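Below is one structure, written out as structure tokens; the observations come after it.
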Amino acid sequence: MILYIAEKPSVGRAVADVLPKPHQKGDGFIKVASGDVVTWCIGHLLEQAEPEAYDSEYKKWKKEHLPIIPAEWKHEVKSQTRKQFNTIKRLIKEADQLVNMGDPDRVGQVLVDEVINYSGVSKEKRQATLRCLVSDMNPAAIKKALNDLRKNTEFIPLATSALARARADWLYGINMTRLCTLLGQSAGYNGVLSIGRVQTPVLGLVVHRDREIENFVSKPFYEVFITLQTPTRESFVAKWKPSSACEAYMDEEGRVLSRKLAEFVRDKVKGKNGSVKAVRRDRKKQTSPLPYNLSGLQVDASKRFNLNAKKTLDICQQLYERHKLITYPRSDCRYLPNGHYDERQTVTNSIAKTAMGLVDAVDKADLSLRSKAWNDAKVGAHHAIIPTSRSMPSDRLSQDEKNIYELVARQYLMQFYPAFEYAEYQIDSKVEGGLFVAKKKSVISDGWKVLLPPNRSEKQDTDFSSEALPNVKEGDPVTCTDVRVDEKNTSPPKRFTDATLLAAMTGIARFVSDPEIKKVLRDTDGLGTEATRAGIIELLFKRQFLTKKGKEIHSTEIGRQLVKSLPDRMVVPDMTAHWESQLEAISEKRMRYMQFMQPLTEGLRTLIMEVENQDFKGLKGMGTKVVRRRKKSSKRTTPNSN
């Protein structure tokens with residue numbers, strides 16, 4: 001008997017649907033006509049054991065217990081899903097062949113592996129286990145995946161990486177949460193101060209932005225514009241580009257802060273002759289954006305429909321599991337396997353049947369085009385989020401589901417539209433030694449941009465203008481007929497929204513200065529993963545570290561004081577960068593488990609001493625008293641991957 005173990009019931013049922021009928025439904029499994037059985041987990045059936053499982057003394061929170069570092073790690077069966085675990089355990093022992101059908105990512109791999117291992121099967125059965133990677137819930141895709149089974153042992157490094165991440169997060173979250181809570185309570189704080197490897201730097205990001213805004217002092221800056229006239233009496237406006245000699249009067253963004261300097265340039269060039277020093281005419285192309293990964297989709301859904309990250313993920317799960325209209329949504333990849341290109345006709349036909357507003361877009365798509373999205377070398381365990389070959393009347397979808405489906409579908413259709421083309425014309429002129437630049441961009445062909453929703457709020461490129469520039473060449477004389485100085489004011493950075501905080505988490509590299517850490521963060525997922533970012537942001541709200549005012553996300557006084565009380569290295573993304581780099585190395589067999597865990601546990605002792613020297617007095621009188629009972633403490637004190 002072959003036992004297929006899926007990650008969740010909906011996937012299990014979809015797998016059973018493509019296997020021989022008739023089916024016999026059992027309690028937590030489906031037996032198919034061939035005698036094979038499909039069963040399923042309900043997410044994680046096992047969880048990291050609480051500290052008191054290692055020593056009953058740990059039930060009471062004491063500083064002298066820290067750091068708590070298990071000598072031998074333990075899992076516990078989740079009480080609410082114990083019945084399903086027992087069903088799977090029995091079926092595992094009865095099976096001749098096991099197939100891991102967890103979701104195609106790091107967590108999906110370990111989620112099923114840990115159940116198999118915990119069930120106490122023989123080494124031979126574990127070694128013989130197969131792996132099936134399903135990223136599309138439609139029958140044809142599932143059949144294809146079932147015909148392409150791989151050895152589960154090929155994915156041991158991926159599972160080891162997931163295990164290392166979970167244990168490291170446990171060590172950091174448990175020890176730091178207990179320590180900070182005890183220090184906070186000693187200073188007069190009422191409640192639990194939750195600390196996480198990812199959530200705390202995200203909180204630090206918001207707190208830093210809020211302080212930056214509140215401490216911001218607006219400064220005036222000055223721009224000089226001149227009107228130049230050609231011998232044929234054609235006029236155009238050019239902007240002064242300050243030279244390096246002016247740097248003492250400029251800010252770090254190159255803006256001139258001295259009115260006197262701007263007025264000096266104005267007076268110097270007015271009525272004077274100059275010449276054209278360079279002319280540049282370029283025809284440029286901008287290819288279509290790649291299909292979505294989860295973060296990209298969440299950012300656009302927030303901008304367009306004001307949906308938060310968690311809501312978008314929930315809608316995606318419905319479209320994937322229930323309606324089978326999109327592929328696996330928790331993807332961090334924006335590329336597609338080459339084999340998917342052959343399905344473009346079927347997929348676009350399904351889009352036209354499901355999203356009536358895109359019928360014209362489908363009709364005008366050129367399916368002979370092939371964008372850079374199709375690239376096997378850039379596809380890992382899962383690929384970009386795209387529509388499936390399944391269609392459905394749109395009236396069977398909620399408005400939110402329609403909106404998200406159309407976003408995914410538009411992005412897919414863009415792969416079959418030509419590039420956006422524009423002309424860029426630039427004239428550099430010199431007058432009295434100063435450089436003045438005139439630019440104009442004009443659209444040649446909209447290409448894929450015709451698919452952008454008409455009311456999409458985008459920052460308009462001011463270089464695209466209707467004002468024509470004269471046809472001049474290098475060396476042509478020009479005369480300054482008019483000049484003006486514009487005074488503007490520097491603006492504070494904007495508060496984070498759901499969209500910009502998600503974008504900051506994925507593009508966290510730009511918030512750090514160390515070049516090595518920048519590189520690591522660019523090469524990895526940034527802060528958190530596609531699957532965890534929405535949950536991390538939600539947790540910060542639930543823990544009253546963040547609050548929302550309209551679309552804006554603000555840090556609360558508790559969140560600010562917590563960040564102020566912690567060592568800087570706990571509220572910046574550097575540690576996560578190092579971890580992610582090493583976890584990636586484990587999954588690629590470039591690093592061993594103990595090479596990651598040993599320095600981490602040693603560093604924990606140092607960090608504890610560092611935190612003990614911090615001042616938590618700013619939290620006095622804040623918080624709400626939390627009674628830590630066994631059933632509830634796991635939610636508050638045991639982090640997931642945050």
Side-chain angles (χ1 to χ4, degrees), residues 6-15 17-18 40 43 103-105 108 133-142 145 290-334 336 340 343-344 346-359 361-362 373 382-415 451 453 498-499 502 530-535:
E7 183 168 327
K8 51 181 81 75
S10 58
V11 178
R13 287 190 287 270
V15 171
D17 281 346
V18 306
W40 45 82
D103 285 351
D105 57 18
L133 300 169
V134 176
S135 58
D136 183 330
M137 294 287 284
N138 285 299
I142 295 173
L290 293 166
Y292 285 122
N293 58 11
L294 178 58
S295 289
L297 179 55
Q298 286 170 320
V299 167
D300 276 4
S302 176
K303 287 178 180 176
R304 182 147 167 73
F305 304 114
N306 197 25
L307 294 172
N308 66 35
K310 184 178 183 302
K311 179 70 172 174
T312 299
L313 178 55
D314 290 344
I315 296 164
C316 286
Q317 287 295 134
Q318 284 288 94
L319 289 169
Y320 170 62
E321 293 178 29
R322 182 182 172 193
H323 302 303
K324 302 180 177 62
L325 288 174
I326 66 170
T327 58
Y328 180 67
R330 294 172 185 253
S331 174
D332 60 354
C333 178
R334 299 194 73 158
L336 297 165
H340 262 268
E343 300 170 17
R344 62 197 185 283
T346 310
V347 173
T348 52
N349 286 345
S350 298
I351 291 171
K353 292 175 185 173
T354 306
M356 298 306 294
L358 294 178
V359 171
V362 170
H382 34 255
H383 57 69
I385 306 168
I386 61 171
T388 65
S389 55
R390 180 181 170 89
S391 61
M392 179 182 292
S394 60
D395 58 10
R396 290 175 57 187
L397 301 176
S398 69
Q399 188 59 52
D400 283 342
E401 288 169 342
K402 289 178 191 174
N403 290 340
I404 295 300
Y405 178 81
E406 285 199 16
L407 274 183
V408 173
R410 281 180 198 275
Q411 203 84 354
Y412 179 77
L413 289 172
M414 286 175 188
Q415 311 312 308
L451 292 179
D498 285 295
L502 268 171
E530 301 295 324
T532 62
R533 286 185 189 116

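Predicted, not measured: the structure shown is a model, and the values here were computed from it. In what follows, residues are counted from 1 in the order of the sequence shown.
With sequence neighbours left out, the side-chain contact (heavy atoms from CB on, under 4.5 Å) criterion links Ala14 to Met137, Ile142, Lys324. Judged as a side-chain hydrogen bond (donor to acceptor under 3.5 Å, both in side chains), and not counting sequence neighbours, the contacts of Asn403 are Gln399. Listed by chain and number, the residues in a side-chain contact (heavy atoms from CB on, under 4.5 Å) with Ala309 are Gln298, Leu502, Ala534 (sequence neighbours excluded). Applying the salt bridge (charged side-chain N to carboxylate O under 4.0 Å, His left out) criterion to Arg390, with sequence neighbours excluded, gives no partner residue. Thr388 meets the side-chain hydrogen bond (donor to acceptor under 3.5 Å, both in side chains) test with Asn138; sequence neighbours excluded. For Arg334, the side-chain contact (heavy atoms from CB on, under 4.5 Å) partners are Leu290, Tyr292, Asn293, Gln411, not counting sequence neighbours. Remark: Lys311 engages Asp400 in a salt bridge (charged side-chain N to carboxylate O under 4.0 Å, His left out) (not counting sequence neighbours). The salt bridge (charged side-chain N to carboxylate O under 4.0 Å, His left out) search around Asp314 returns Lys310, not counting sequence neighbours. Under the rule for a side-chain hydrogen bond (donor to acceptor under 3.5 Å, both in side chains), the partners of Asp498 that lie at least two apart in sequence or sit in another chain are Lys548. Residues satisfying the salt bridge (charged side-chain N to carboxylate O under 4.0 Å, His left out) criterion with Glu321, sequence neighbours excluded, are Lys8. Every residue two or more places apart in sequence or in another chain that forms a side-chain contact (heavy atoms from CB on, under 4.5 Å) with Glu7 is listed here: Asp103, Leu111.
Across Ala361 and Leu413, no two heavy atoms sit closer than the pair CB-CD1, 4.0 Å. Summarising the geometry of Tyr405 relative to Ser350, their closest heavy-atom pair is OH-O, 3.9 Å, with the distance given to 0.1 Å. Between Lys402 and Ser394, the shortest heavy-atom contact is CE-O, 2.9 Å. Taking each heavy atom of Ala301 and Thr312 in turn, the nearest pair found is CB-OG1, 3.5 Å. Considering every non-hydrogen atom in both Cys316 and Ile404, the closest pair reads SG-CG2, 4.0 Å. Shown here for Ile385 and Pro329, the closest heavy-atom pair between the two residues is CD1-O, 3.2 Å.
The CG atom of Asp300 lies 11.5 Å from the CG atom of Leu307; values are rounded to the nearest 0.5 Å. Note: Arg396 CZ to Leu325 CG = 9.0 Å, rounded to the nearest 0.5 Å. Here the straight-line distance linking atom CE of Met356 with atom CG of Asp395 works out to 11.0 Å at 0.5 Å rounding. In this structure, CD1 in Ile315 is found 10.0 Å from CG in Leu407, a value given to the nearest 0.5 Å.
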Inset, instruction - Start with the C-alpha distance between Asp332 and Leu294, add both sets of side-chain angles, then the distance that settles side chain to side chain contact (heavy atoms under 4.5 Å, CB included), and finish with yes or no. - result: CA-CA 6 Å; Asp332 60 354; Leu294 178 58; over 6 Å; no
Legend entry - Test log, rule side chain to side chain donor-acceptor pair (under 3.5 Å), inputs Arg322 and Ser10: CA-CA 7 Å; Arg322 182 182 172 193; Ser10 58; over 6 Å; no
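Within the 4.5 Å cutoff, the side chain of Ile386 has no heavy atoms near those of the Gln415 side chain. The shortest distance between side-chain heavy atoms of Ser389 and Glu343 does not fall below 4.5 Å. Side chains of Leu451 and Leu358 form no contact here, defined as non-hydrogen atoms less than 4.5 Å apart. With a 4.5 Å cut-off on side-chain heavy atoms, Ser398 and Gln318 do not count as touching.
Distance alone, capped at 3.5 Å, is enough to place a donor-acceptor pair between the Ser331 side chain and the His383 backbone. In this structure a side-chain-to-backbone donor-acceptor pair under 3.5 Å is present from Ser302 to Ala499.
Between the side chains of Gln317 and Arg330, a donor-acceptor pair is found at a separation under 3.5 Å.
Pairs of residues two or more places apart, or lying in two chains, that qualify as ring pair (Phe, Tyr, Trp, His ring centres under 6.0 Å) and include a residue from residues 307-329 are Tyr320-Tyr328, Tyr328-His382.
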